[in-house]
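As the structure is a prediction and not an experimental result, all values here were calculated from the model.
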Amino acid sequence: MDAAFAPAIALKVPWAAVLGNHDQESTLTREGLMQHIVGMPYTFSSINPEGFEVDGFGNYNLEVAGVEGSGLANKSVLNLYFLDSGDYSTVSDIGGYGWVKVSQQMWFLSAASHLQNLYMSKPEPQKEPAPGLVYFHIPLPEFSSFGASNMSGIKQEEISSASVNSGFFTTMLEAGNVKAAFTGHDHLNDFCGELTGIRLCYAGGFGYHAYGKAGWPRRARVMSAYLEKTRSGAWGGVQSIKTWKRLDDKHLSTIDTEILWEAGNEAGGRQRKRITKRRRHSG
């Protein structure tokens with residue numbers, strides 16, 4: 001695990017992490033793993049939110065602030081949510097993988113509502129919520145909604161979701177600001193599909209410590225958010241979010257570039273700027 005995060009630490013790049021279903025199968029518990037992670041350099045990870053009793057370890061959110069000196073400098077223009085989807089079912093009569101529990105969903109809705117209220121209140125009240133992106137490991141049953149006709153990327157294995165539907169997709173819809181959710185778990189899937197306005201995306205098989213497929217390069221999904229700039233020269237909120245996959249081949253190829261989300265207002269005459277400033281949310 002230390003080796004996996006070492007490149008970000010060496011480059012002094014801020015990073016965040018969520019747990020998968022195999023991480024505790026060594027010498028640390030899931031709580032112990034998150035305690036270790038939050039003590040590492042340059043991490044923005046948290047064990048759990050303050051003031052909430054939630055299942056699992058590694059449930060937290062991060063805010064991405066607007067440009068310094070702009071009207072949105074003290075507001076989050078992009079909200080990132082991280083949740084622990086567990087490892088395996090803890091209910092005796094239900095087998096299979098874990099899922100995002102009710103306590104986590106209640107915290108998620110509370111955090112999303114709080115951030116939306118801040119974004120749409122004075123000063124600089126905004127008309128619509130800032131976009132939200134959600135990260136967890138085990139895919140939702142809704143990932144099975146896609147086939148060749150309504151997705152980008154590749155599906156090479158069955159969707160290994162929990163055997164019960166916890167309703168987290170509906171919770172993300174209810175939150176009102178989620179634009180995309182990202183999972184891992186199934187190493188041979190790297191597709192994205194849209195369901196009821198939310199993009200559901202696999203990260204793609206990344207590391208060499210687990211199963212893959214011969215002749216199919218390991219890959220990592222990249223997300224990049226861009227700010228709008230008005231004709232007056234002021235930086236505003238997020239205008240678009242793009243994604244692509246970077247392959248570990250001899251060319252480090254980029255494939256499947258697509259727009260995950262774009263603001264509904266007119267984009268004519270605007271420039272885009274990559275967001276670099278991040279800050280925590282502890283409310």
Tabulate below the donor-acceptor pairs under 3.5 Å that side-chain atoms of residues 206-217 make, not counting sequence neighbours, or state none.
residue : atom : partner : partner atom : Å
Y208    : OH   : D248    : OD2          : 2.7
Y211    : OH   : E157    : OE1          : 3.0
Y211    : OH   : E157    : OE2          : 2.9
Y211    : OH   : H187    : N            : 3.0
K213    : NZ   : Q156    : OE1          : 2.9

Next item on the list: Start with the C-alpha gap between N177 and Y81, add the side-chain angles, then the distance that decides, and say whether side chain to side chain donor-acceptor pair (under 3.5 Å) holds.
Entry: CA-CA 11 Å; N177 68 332; Y81 304 92; 3.0 Å; yes
Check: Between F146 and K155, is there a cation-pi geometry (under 6.0 Å to ring centre, at most 45° from the normal)?
Finding: no
Item checked: Lys/Arg cation over aromatic W99: K101, 6.0 Å, 45° cone -> yes
Margin query: Test your reading of the model: is there a side-chain donor-acceptor pair from T43 to the backbone of M40, 3.5 Å cut-off?
Written below: no
Check: Within the distance-only criterion (no hydrogens, no angle test), does the side chain of S121 pair as donor or acceptor with the backbone N or O of N117 below 3.5 angstrom?
Finding: yes
Item checked: Salt bridge present between D23 and R30 (N-O < 4.0 angstrom) -> no
Margin query: Could you check whether E258 pairs with R199 (Lys NZ or Arg NE/NH1/NH2 to Asp/Glu carboxylate O, under 4.0 Å)?
Written below: yes
Note to self: Is the ring pair W15/F5 parallel, tilted or perpendicular, if the boundaries are 30 and 60 degrees?
What the structure shows: parallel
Margin query: Once you measure the plane-to-plane angle for F191 and F143, does it fall in the parallel (<30°), tilted (30-60°) or perpendicular (>60°) bin?
Written below: tilted
Notebook entry, point to check: Looking at CG of L133 and CG of N61, how far apart are the two atoms once the value is rounded to the nearest 0.5 Å?
Noted result: 12.5 Å
Check: So how far is it from H185 NE2 to S161 OG, rounded to the nearest 0.5 Å?
Finding: 8.0 Å
Show the nearest heavy-atom pair for residues [X] and [Y], with the distance to one decimal.
X	Y	answer
I94	S163	CG2-OG, 3.4 Å
L19	I37	CD2-CD1, 4.2 Å
M34	A17	CE-O, 4.3 Å
Y42	V13	CB-O, 3.8 Å
N150	S145	ND2-O, 3.4 Å
P139	Y202	CG-OH, 3.5 Å

Item checked: Residue of the set F182, Y60, F168, F82 for which ring pair (Phe, Tyr, Trp, His ring centres under 6.0 Å) holds with F136 -> F168
Note to self: Taking CE in M1 as the centre, count heavy atoms belonging to other residues, nucleotides or ligands within less than 6.0 Å. Is the count above 12?
What the structure shows: yes
Check: What's the verdict on side chain to side chain donor-acceptor pair (under 3.5 Å) for E142 and N165, showing C-alpha distance, side-chain angles and the deciding distance?
Finding: CA-CA 9 Å; E142 285 80 4; N165 192 328; 3.1 Å; yes
